[in-house]
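Counting starts at 1 for both ligands and their atoms, in listed order. For reference, positions follow the sequence shown, starting with 1.
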Amino acid sequence: MIEIKEEQLEDILDKAIKKIETQHGMQLLSITKKIAPLDPLHFFEVAKGMKKNRTFWTSTIDDFYIVGVGNAVEIVAEEERFEVTENQWSKLLDEAIVYNPYKVPGTGIVTLGGMAFDPKKPRTDLWKKFSASQFTIPEYMLTKEDGSYYFTINIRLKRDDHAIQLANELEQVEATFFSERPRNTNGLITNEKIEIQPSEWKDSVRQAREEIRKNKAEKIVLAREVRLKFNKKADITTVLENLIQTQGNSFIFALEKNDDCFVGATPERLVKIEKDHLLSTCLAGTAPRGHTEEEDMAISHSLFHDEKNRQEHDFVVRMIKHAIKNYCTDLEIPDEPVIYPLKNLQHLYTPVTATLKKGYSIFDIIKQLHPTPALGGTPREESLQFIRDNELLDRGWYGAPVGWLDSNQNGEFAVAIRSGLIQGDEASLFAGCGVVKDSDPEAEYEETNIKLLPMLSVLGG
Ligand SMILES: C=C(O[C@H]1C=CC=C(C(=O)O)[C@@H]1O)C(=O)O
Ligand SMILES: [Mg+2]
């Protein structure tokens with residue numbers, strides 16, 4: 001990676017073009033500049049007119065946003081996805097020319113994306129636009145970090161490109177993002193809500209519980225699908241806006257693939273890496289919120305002391321500890337969880353902090369962690385096999401890692417739950433729950449109902 005400092009757009013472009021030696025050669029150039037405040041949702045909305053796939057990520061906890069438009073480069077992998085993605089990413093970084101005077105996480109060359117929960121489960125038509133793993137380096141990107149705004153352009157240059165002309169075009173694109181765009185934000189109504197095989201789903205919970213009672217597994221997470229039909233095409237900007245307003249303590253994302261968009265507001269961080277500082281979370285064990293403060297406290301209290309939920313949670317803590325211990329030093333995990341309140345429900349939550357050892361990347365950690373027993377089960381292979389053989393849906397990207405990483409080894413991935421695949425005027429929502437030996441199918445069904453609420457409520461349901 002060549003880094004350039006302190007130059008004008010035209011000079012930067014000119015120098016990069018001159019490096020291209022052959023007629024068919026390409027040079028990836030990344031330029032980041034600080035810009036005036038620009039609402040990330042406005043940026044996302046303006047991009048709609050550009051007819052390019054959009055990518056949205058925010059951690060509402062940190063008021064951190066990345067919004068990407070288009071694909072300068074795409075890294076797609078169907079097999080050996082971690083290895084393939086990491087190899088292509090580091091090759092791309094080696095060859096890129098980067099102009100980024102700011103050492104701010106999420107600026108410069110950044111890739112955003114996600115993957116399928118289980119690449120061994122045959123893909124159905126529902127998820128046909130989503131590969132086993134797909135990461136994009138956007139053409140245009142807005143980053144909001146610590147109250148500052150950065151605009152990044154990633155461009156693939158050819159030898160016969162003209163610096164002056166390109167500089168003009170890029171300046172116009174930047175101005176477009178600041179232009180007005182009227183929005184029609186209201187009126188989405190869910191006309192039809194079709195639960196996919198609810199009684200068969202409860203049977204599968206019973207069956208998983210039997211497996212567990214026969215000691216074939218200790219925990220198996222089973223998910224179900226709800227199909228929605230709306231009165232009109234869902235507007236993704238509005239969906240994101242409503243998620244941001246209603247789902248604090250969450251990671252809100254949208255990944256567009258042509259006319260399909262995978263959207264969610266998940267509370268579950270898989271891993272965050274900033275410099276060598278690693279953060280992960282164990283999140284499993286669920287109860288509703290109370291209607292009054294008193295009732296809420298009483299529910300928190302019983303969740304905290306409930307043996308079944310504590311068991312669901314402890315499987316996750318033990319597995320995460322075991323999975324990352326060889327990759328880190330200074331691993332710290334509290335002995336007991338705390339309550340993590342969300343708008344519609346509350347969870348048991350244990351934070352994990354550590355120092356990432358030299359030579360390891362966020363991909364190494366994701367590969368170890370995915371799927372945690374919050375989405376797969378324990379033991380991993382047995383529970384995954386059960387899900388593969390018995391679950392009544394194609395999870396697609398639901399329950400899998402989604403997130404971003406930059407060229408300075410910073411990055412963050414969440415587990416894509418509380419999510420749905422929006423397809424024009426229809427959508428599929430997904431929710432799952434951890435089945436253990438004392439699970440009651442009816443209660444698990446109710447638990448998935450509350451987990452569907454965050455998405456249902458922003459989709460006019
Ligand atoms: C699988 C989901 O939630 C997981 C994360 C937190 C709590 C869970 C639970 O209590 O069952 C699940 O393991 C989902 O929301 O679809
Ligand atoms: Mg549960």
Considering residues, nucleotides and ligands other than His301, do more than 12 of their heavy atoms fall under 6.0 Å from its NE2?
no
Given the side-chain rings of Phe151 and Phe177, with only the six-membered ring counted for Trp, is the space between their centroids under 6.0 Å?
yes
The Mg ion (ligand 2) is nearest to which N, O or S atom of Glu447?
OE2
Glu312 atom (N/O/S) at minimal separation from the Mg ion (ligand 2):
OE1
Looking at Phe413, is Arg269 sitting on its ring face, NZ or CZ under 6.0 Å from the six-membered ring centre and within 45 degrees of the normal?
no
Kindly confirm or rule out a cation-pi arrangement of Lys202 over Tyr445, judged by NZ or CZ under 6.0 Å from the six-membered ring centre and within 45° of its axis?
yes
Would you please write out the protein residues whose heavy atoms approach any atom of ligand 1 to under 4.0 angstrom, listed by chain and number?
Glu268, Leu283, Ala284, Gly285, Thr286, Glu312, His347, Ala374, Leu375, Tyr398, Ile417, Arg418, Ala431, Gly432, Cys433, Gly434, Glu447, Lys451
Give a yes-or-no answer on whether the side chains of Ser250 and Gln247 include a donor-acceptor pair shorter than 3.5 Å.
no
Counting backbone and side-chain atoms alike, is an N, O or S atom of Glu444 positioned under 2.8 Å from the Mg ion (ligand 2)?
no
With side chain to side chain contact (heavy atoms under 4.5 Å, CB included) as the test, pick out the partner of Asp406 among Ile66, Leu93, Val110, Thr152.
Val110
Would you list the pairs meeting ring-ring contact (aromatic ring centres under 6.0 Å, His included) in which at least one residue belongs to residues 421-441, sequence neighbours left out?
Trp127-Phe430, Tyr398-Phe430
